[in-house]
Amino acid sequence: MTRSLGRPIDPHGLGKLAMLLFAALLAGAMPAAAPSDVSGFWVLSAPTGDGNLMKTFLDLNQSGDQVSGTAWIRSSKFTIREGSYRWGRLHLNVGLSTRHPEHFVCYDGTADGGKLSLTIHEWDLPLAVGTAERGTPDAMAPPVRLPLPTLHDVADNGLARTPPMGWNSWNKFANRVDDVTVRTMADAMAASGMKDVGYTYINIDDTWEGPRDANRNITGNRKFPNMKGLADYVHSKGLKIGIYSSPGPETCGGYPGSYGHEVQDAKTYAAWGFDYLKYDWCGANRIYQTSEMPAVYQKMGDALLSTGRPIIFSICQFGSPDVWVWGPRAGGNLWRTTADIEDTWKTMDANGFSQFVIAPYARAGHWNDPDMLEIGNGGMTADEYRVHMSLWSLLAAPLLAGNDLRTMTEETRSILMNKEVIAIDQTPTASYVKKISEQEPLVVAARPLLRQRWAVGLFNRGDAVAKMTVTWKQLGWRGKQQVRDLWAHKDLGCFTDQFTAAVPSHGVVLITISHSGRGS
Ligand code: GLA
């Protein structure tokens, strides 16, 4: 039995239906209420899925179907690299790094009435879906400015007598770090032998933070449901644990910072059992001047000290202005001296080889930090990673591995766990490295060690293998001296007056020279 449709279908009705369908299709492509022009100021709020809201501000200019303008992401201002608005669909590509064009954020979505529904992608990761509404730049106004303390010297906390060693989540995992990752990294550090050669700290970087509770106490977000439990677990492995925050209202990743809650947050970290804090400037830009950094960092230095718990204080504000001078006074055990490292020869080379002039500022309890290690992350060759490890050790830089410790290759292990190289880094003297010769692209650097020994790195930053020489005269010695190759783990014998080696491109020969008593 066929069901009656009520009325017979007439051909005009079909035509109408087709027209309606066509109109509906058009409407799908270009919503009826879509604005014809997206120029103007937009405020985008997007839940990031872990209990936080990511806020972005867009100031757009439309010309034809091209869109240009500015985006403020995580308290930094970026120029929109390319943008279009066609048929109610908006596409924006914001480059975050001129050094790394592959680091970008994309906004894609549709206009819906007076709003824009946008999906945000960072690199290849879908970050959030949110809605942008028209607003004014007032929405970006920073919170009320709080007074800063007058300057004084924060007492030395007695920690980090040698450069801190450990692991940090940022280089490999960025915003993908979570509780399980941290626990399994602690397992791997204990099981791999890293702990035995001195790696101690398991440091959680940005994106652990959740909203503040009713008492304004900071909480972990959905990725970190139990911060105290996590700290206990890491301690149970015989390791220590680190955390991350910012003196600004937001961290570099746009998560809640410690602004106005410095003492409260320090107490929370201590109550959870944390042993290390990395305190990262970014969001503080909205409130303070660069010249105020010493007072801003001193505030947290004091707050950490007043908890009574030994907590290493890692200052991160990229080096300016002269943090190596005021960092120790603000209570810093280490301070970043450079822009962010990436897993490339170019950034590692730039960060590492720029450090010689400030090397004399490093001393027990207070270290220059040219950023964390990229060894094992896959972007450099083994030779380049050996340069990374050798240079950081000569510089007495903190050794914070930034790779996945659970899946290390033998080669990565052999670089990160070279005890002889680590021993240079951890040399308990106030000695510092000096460049003893430089003939672009070749650098010879030497650091005095205990018991009449020198560590010497013959670094070839060029594109072809090169013969390189260190003379004993450059070290104030002469005659016959014993040489040991720290990457080959081999005594090379006695050499008179000098040592010459063929050094691979983007490579290093790292030796110790021991006074044999012959000559002087
Ligand atoms: C800055 C720091 C990095 C990392 C990120 C986290 O860029 O320099 O080391 O902590 O912030 O957002």
Side-chain angles (χ1 to χ4, degrees), residues 48 50 52 54-56 72-78 95-100 103-105 120 122-123 125 127-128 164 166-178 181-182 201-210 221 223-224 242-259 274 276-286 290 293 296-297 300 312-320 323 327 332 334-344 347-348 350-352 354 367-375 377 388 392 397-403:
T48 50
D50 53 24
N52 285 295
M54 180 176 173
K55 278 220 165 180
T56 306
W72 285 263
I73 305 173
R74 306 178 188 125
S75 24
S76 299
K77 186 177 171 186
F78 299 97
L96 298 187
S97 159
T98 39
R99 283 198 306 176
H100 292 275
H103 189 179
F104 59 85
V105 167
I120 309 170
E122 180 159 10
W123 293 325
L125 293 173
L127 200 65
W167 174 86
N168 174 291
S169 58
W170 185 254
N171 285 356
K172 175 74 187 177
F173 295 93
N175 59 350
R176 287 159 298 200
V177 64
D178 60 11
T181 310
V182 174
Y201 290 89
I202 293 283
N203 292 348
I204 308 166
D205 208 278
D206 203 357
T207 80
W208 66 268
E209 309 88 338
N221 61 38
K223 298 186 299 164
F224 288 93
I243 201 164
Y244 169 101
S245 189
S246 169
E250 302 93 29
T251 64
C252 294
Y255 285 72
S258 293
Y259 181 65
F274 278 81
Y276 186 117
L277 171 70
K278 173 173 169 185
Y279 205 43
D280 197 352
W281 181 253
C282 297
N285 259 332
R286 296 177 60 203
T290 305
M293 284 178 175
V296 172
Y297 278 93
M300 184 50 97
I312 286 194
F313 187 29
S314 159
I315 292 176
C316 180
Q317 44 70 273
F318 325 110
S320 131
V323 62
L334 58 157
W335 46 82
R336 276 278 296 280
T337 52
T338 63
D340 284 13
I341 196 169
E342 292 173 30
D343 190 16
T344 60
T347 61
M348 186 276 290
N351 280 16
S354 63
W367 307 101
N368 291 311
D369 173 12
D371 210 353
M372 303 165 297
L373 302 174
E374 290 283 7
I375 294 162
N377 279 337
H388 195 358
W392 263 237
L399 297 178
L400 295 167
N403 59 318

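Any value given below was found using the heavy atoms of this structure, including those in side chains, with hydrogens, waters and symmetry copies removed. Quick note: residue numbers are just sequence positions, from 1. Numbering of ligands and ligand atoms starts at 1, following listing order.
- Between the CZ atom of F274 and the OG atom of S245 there is a distance of 12.0 Å, given to the nearest 0.5 Å.
- For T251, the side-chain contact (heavy atoms from CB on, under 4.5 Å) test picks out D206, E209, Y244, S246, Y255, with sequence neighbours left out.
- The aromatic rings of Y279 and F313 sit tilted, their planes meeting at an angle between 30° and 60°.
- Using modelled atom types and a 3.5 Å distance limit, the side chains of W208 and N221 yield no donor-acceptor pair.
- The side chain to side chain donor-acceptor pair (under 3.5 Å) check on K172 picks up nothing, with sequence neighbours excluded.
- Remark: Y201 pairs with Y276 by the ring pair (Phe, Tyr, Trp, His ring centres under 6.0 Å) rule, at least two apart or across chains.
- Listed by chain and residue number, the protein contacts of ligand 1 are W170, D205, D206, Y244, C252, G253, K278, D280, C316, F318, R336, D340, M372 (heavy atom within 4.0 angstrom).
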